[in-house]
Visitor: 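There's a structure below that I have some questions on.
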Amino acid sequence: MDYIKTDEGILLKDAKDFQPRHIFECGQCFRWNAMPDGSYKGVAEGRTLRVKKNGRDILFAGTDEQEFRDFWVGYFDLERDYRAIKAELSRDQVLKQAIEFGYGIRILKQDIWETMVSFIISANNWIPRIKATVERLSSHYGQEQVYKGETYYSFPSPARLAQLTEEDIMLCGCGFRAKYVLKAARIVAGGQVDLHSLAGMNTTDARAALLCFPGIGPKVSDCIMLFSMAKLDVFPVDVWVKRVMEHYYLKRDTRPAEIRQFAAGKFGALAGVAQQYLFYYARSTMGRFTSK
DNA sequence: TTGCAGGGGTCAA
DNA sequence: TTGACCCCTGCA
């Protein structure tokens with residue numbers, strides 16, 4: 001990882017395996033937004049950042065070396081060798097295509113609590129609405145911060161959400177998921193489950209613990225583990241992944257558990273990364289309403 | 001203009 | 001295994 005300090009922030013040199021569009025549009029995060037100049041602005045754990053591709057380099061604007069090393073390097077998984085991962089996965093011809101399409105994807109390491117709530121909200125929902133709901137929760141109940149004259153809001157803590165009523169949360173656009181969000185907040189704020197200890201568990205135990213939360217089923221639990229705990233072996237199966245897997249590898253109407261098992265056998269410890277390439281590829285190339 | 005299906009799943013019967 | 005679920009969007 002080779003970077004230099006500039007007036008604007010940190011410049012990551014010759015970052016071939018980093019494409020902001022792929023990272024932020026592949027469905028793993030909900031608080032990064034494209035700007036007219038092609039950069040992305042986002043909020044993560046109370047920090048704000050603008051990320052822009054400059055030729056072969058990546059500019060991280062609005063941060064300094066200390067924060068970059070202490071936080072963003074981990075957040076963007078910059079110490080992992082994605083070139084090696086892609087080489088390994090590209091031995092499969094379908095993955096090879098998917099990787100050529102989404103070559104700059106990286107798996108973010110996001111805040112566990114925010115990821116948990118975001119993916120509870122994602123059930124039977126679609127991305128623009130999930131983003132709007134997460135944004136409303138943050139602007140109503142998060143901490144306000146001003147950066148370069150613009151106001152941002154951090155994602156509200158479990159304790160803050162635990163004080164609310166189901167109706168308060170419903171008003172942010174959560175719909176029937178409001179009761180799940182509130183219960184999750186009360187479980188975490190009450191200390192019944194320590195989310196950070198889940199990250200230290202093996203995948204099987206962490207999944208079992210997550211499935212105890214109402215509103216968290218197999219797909220949501222796997223997304224939480226993949227996008228906030230760096231558990232790269234999980235393979236979340238949603239409607240798009242099901243479609244792409246059935247199209248290229250399996251027969252129609254294969255059950256999600258069977259798809260997960262197949263992926264574990266085929267992609268092993270890298271199944272989660274493979275899932276993201278496949279998901280992004282499927283969403284972008286298979287059309288919005290495919291009957292397959 | 002109105003009505004209806006459907007959406008990054010989960011729960012309960 | 002199946003239907004309901006917030007509610008907004010796209011389409012006929």
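This is a predicted model, so every value here is computed, not measured. In the text below, chain A, chain B and the rest are named by the order of the sequence lines, each starting its count at 1.
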Visitor: What side-chain donor-acceptor pairs closer than 3.5 Å can you find for residues 190-199 of chain A, not counting sequence neighbours?
Guide:
| from | atom 1 | to | atom 2 | distance (Å) |
| --- | --- | --- | --- | --- |
| A/D194 | OD1 | A/H196 | N | 3.2 |
| A/S197 | OG | A/D194 | O | 2.8 |

Visitor: C1' atom, B/dT10 versus C/dT9: distance in rounded Å?
Guide: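 Those two atoms are separated by 23 Å.
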Visitor: Kindly write out the residues that satisfy side-chain contact (heavy atoms from CB on, under 4.5 Å) with A/E167, not counting sequence neighbours, or none if the list is empty.
Guide: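 A/E167 satisfies side-chain contact (heavy atoms from CB on, under 4.5 Å) with A/T165 only.
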Visitor: Would you mind reading off the distance between A/I127 atom CD1 and C/dG10 atom P, rounded to a whole angstrom?
Guide: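 Going from A/I127 (CD1) to C/dG10 (P), I get 15 Å.
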Visitor: Round to a whole Å and report the spacing from CZ of A/R255 to P of B/dG9.
Guide: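 In whole Å, B/dG9 P lies 17 Å from A/R255 CZ.
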Visitor: Once rounded to the nearest 0.5 Å, what's the spacing between atom CG of A/L278 and atom OH of A/Y248?
Guide: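 One gets 9.0 Å once the value is rounded to the nearest 0.5 Å.
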Visitor: If the threshold is 4.0 Å, N to carboxylate O, is there a salt bridge linking A/E135 and A/K131?
Guide: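 Salt bridge flag = no for A/K131 with A/E135.
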Visitor: Could you work out the separation of B/dG6 and C/dG3 based on their P atoms and round it to a whole Å?
Guide: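 Pairwise P distance, B/dG6 against C/dG3, rounds to 13 Å.
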Visitor: Please report the C-alpha distance between A/D37 and A/R50 in whole Å, then the side-chain angles of each, then the deciding distance to 0.1 Å, and finally whether the salt bridge (Lys or Arg N to Asp or Glu O under 4.0 Å) criterion is met.
Guide: CA-CA 11 Å; A/D37 68 350; A/R50 190 165 62 82; 3.5 Å; yes
Visitor: Which whole-number value in Å describes the distance from A/D238 CG to B/dG6 P?
Guide: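 Result: 18 Å.
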Visitor: For DNA chain C, please output the secondary structure as dot-bracket, reading 5' to 3'. Pairs are Watson-Crick or G-U wobble, both atom distances under 3.5 Å; mark crossing pairs with [ ], other-strand partners with |, unpaired with a dot.
Guide: |||||.||||||
Visitor: With sequence neighbours excluded, what pairs up with A/E65 under the salt bridge (charged side-chain N to carboxylate O under 4.0 Å, His left out) test?
Guide: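 For A/E65 the salt bridge (charged side-chain N to carboxylate O under 4.0 Å, His left out) partners, ignoring immediate neighbours, are A/K5.
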Visitor: Has A/K231 got more than 12 heavy atoms of other residues, nucleotides or ligands less than 6.0 Å from its NZ?
Guide: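 Correct, the count exceeds 12.
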Visitor: Is the distance between the ring centroids of A/F119 and A/F30 less than 6.0 Å?
Guide: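 Under 6.0 Å, so yes.
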Visitor: Just one of A/K86, A/H22, A/R83, A/R80 clears the side-chain hydrogen bond (donor to acceptor under 3.5 Å, both in side chains) bar with A/D17, so which one?
Guide: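 That would be A/K86; it is the only one of A/K86, A/H22, A/R83, A/R80 passing the side-chain hydrogen bond (donor to acceptor under 3.5 Å, both in side chains) with A/D17.
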Visitor: Given the C1' atoms of B/dA5 and C/dA4, what is the spacing between them in whole Å?
Guide: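 Rounded to whole Å, the distance is 15 Å.
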Visitor: Looking at residues 131-140 of chain A, who's got a heavy atom less than 4.0 Å off DNA chain C?
Guide: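 Close to the strand, none.
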Visitor: Roughly how many Å is it from CD1 in A/I259 to P in B/dG8, rounded to a whole number?
Guide: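 Taking atom P of B/dG8 as the reference, CD1 of A/I259 is at 16 Å.
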Visitor: Quick one: side-chain contact (heavy atoms from CB on, under 4.5 Å) partners of A/I107, sequence neighbours excluded?
Guide: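 With neighbours one apart ignored, the set is A/Q28, A/Y82, A/L226, A/F227, A/L232, A/V273, A/Q276.
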Visitor: To the nearest Å, how far apart are A/M245 CE and B/dG8 P?
Guide: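 Rounded to the whole Å, the gap is 19 Å.
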Visitor: Between B/dC4 and C/dC5, how far apart are the two P atoms, rounded to whole Å?
Guide: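 Between the two P atoms, the distance is 16 Å.
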Visitor: What integer number of Å spans the P atoms of B/dA13 and C/dC6?
Guide: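 Comparing P positions in B/dA13 and C/dC6 gives a spacing of 15 Å.
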Visitor: For DNA chain B, find the residues of residues 110-118 of chain A with a heavy-atom distance under 4.0 Å and give them by number; none if there aren't any.
Guide: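 Per residue number, the list is empty: none.
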Visitor: Could I get the full list of side-chain contact (heavy atoms from CB on, under 4.5 Å) partners for A/E150, not counting sequence neighbours?
Guide: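 Partners of A/E150 by the side-chain contact (heavy atoms from CB on, under 4.5 Å) criterion, ordered by chain and then number, come out as A/K41, A/Y152.
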Visitor: Whole-Å distance between B/dG8 C1' and A/I224 CD1?
Guide: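 The distance from CD1 of A/I224 to C1' of B/dG8 comes to 13 Å, rounded to the nearest Å.
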Visitor: Heavy-atom count around A/E100 CD within 6.0 Å, excluding the residue itself: above 12?
Guide: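 Buried by this count: over 12 neighbours within 6.0 Å.
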Visitor: Taking 4.0 angstrom as the limit, do A/R91 and A/E88 come out as a salt bridge?
Guide: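 Judged by the 4.0 Å cut-off on N to carboxylate O distance, A/R91 and A/E88 do form a salt bridge.
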Visitor: Could A/R106 and A/D77 be called an ion pair, given the rule that one side-chain N must be under 4.0 Å from one carboxylate O?
Guide: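 Result for this pair is no, no salt bridge flagged.
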Visitor: Between protein and nucleic acid, restricted to nucleotides 5-7 of chain C and to nitrogen or oxygen atoms under 3.5 Å apart, what atom pairs and distances do you find?
Guide:
| from | atom 1 | to | atom 2 | distance (Å) |
| --- | --- | --- | --- | --- |
| C/dC6 | O4' | A/F176 | N | 3.1 |
| C/dC6 | O2 | A/R129 | NH1 | 3.3 |
| C/dC6 | O2 | A/R129 | NH2 | 2.7 |
| C/dC6 | O2 | A/R177 | NH1 | 2.9 |
| C/dC6 | N3 | A/R177 | NH2 | 3.1 |
| C/dC6 | N4 | A/N124 | O | 3.4 |
| C/dC6 | N4 | A/N124 | OD1 | 2.7 |
| C/dC7 | O4' | A/R129 | NH1 | 3.4 |
| C/dC7 | O4' | A/R129 | NH2 | 3.3 |
| C/dC7 | O2 | A/R129 | NH1 | 3.0 |

Visitor: Dump every N/O contact between nucleotides 11-13 of chain B and the protein below 3.5 Å, one line per pair.
Guide:
| from | atom 1 | to | atom 2 | distance (Å) |
| --- | --- | --- | --- | --- |
| B/dC11 | OP1 | A/G215 | N | 2.7 |

Visitor: My understanding is that only residues two or more places apart in sequence, or in another chain, count here; which of them pass salt bridge (charged side-chain N to carboxylate O under 4.0 Å, His left out) with A/K13?
Guide: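 Result, salt bridge (charged side-chain N to carboxylate O under 4.0 Å, His left out) vs A/K13: A/D57.
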Visitor: Assign the ring pair A/F76 / A/F24 to parallel, tilted or perpendicular, where the plane angle (0 to 90°) is split at 30° and 60°.
Guide: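 It falls in the perpendicular class, over 60°.
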Visitor: Rounding to an integer number of angstrom, what distance separates C/dC8 and B/dC11 when you compare their C1' atoms?
Guide: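 Taking atom C1' in both C/dC8 and B/dC11, they lie 23 Å apart.
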Visitor: Restricting to side-chain contact (heavy atoms from CB on, under 4.5 Å), what partner residues turn up for A/T133, sequence neighbours left out?
Guide: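 Applying side-chain contact (heavy atoms from CB on, under 4.5 Å) to A/T133 gives A/I121, A/R129, A/R136, A/C174.
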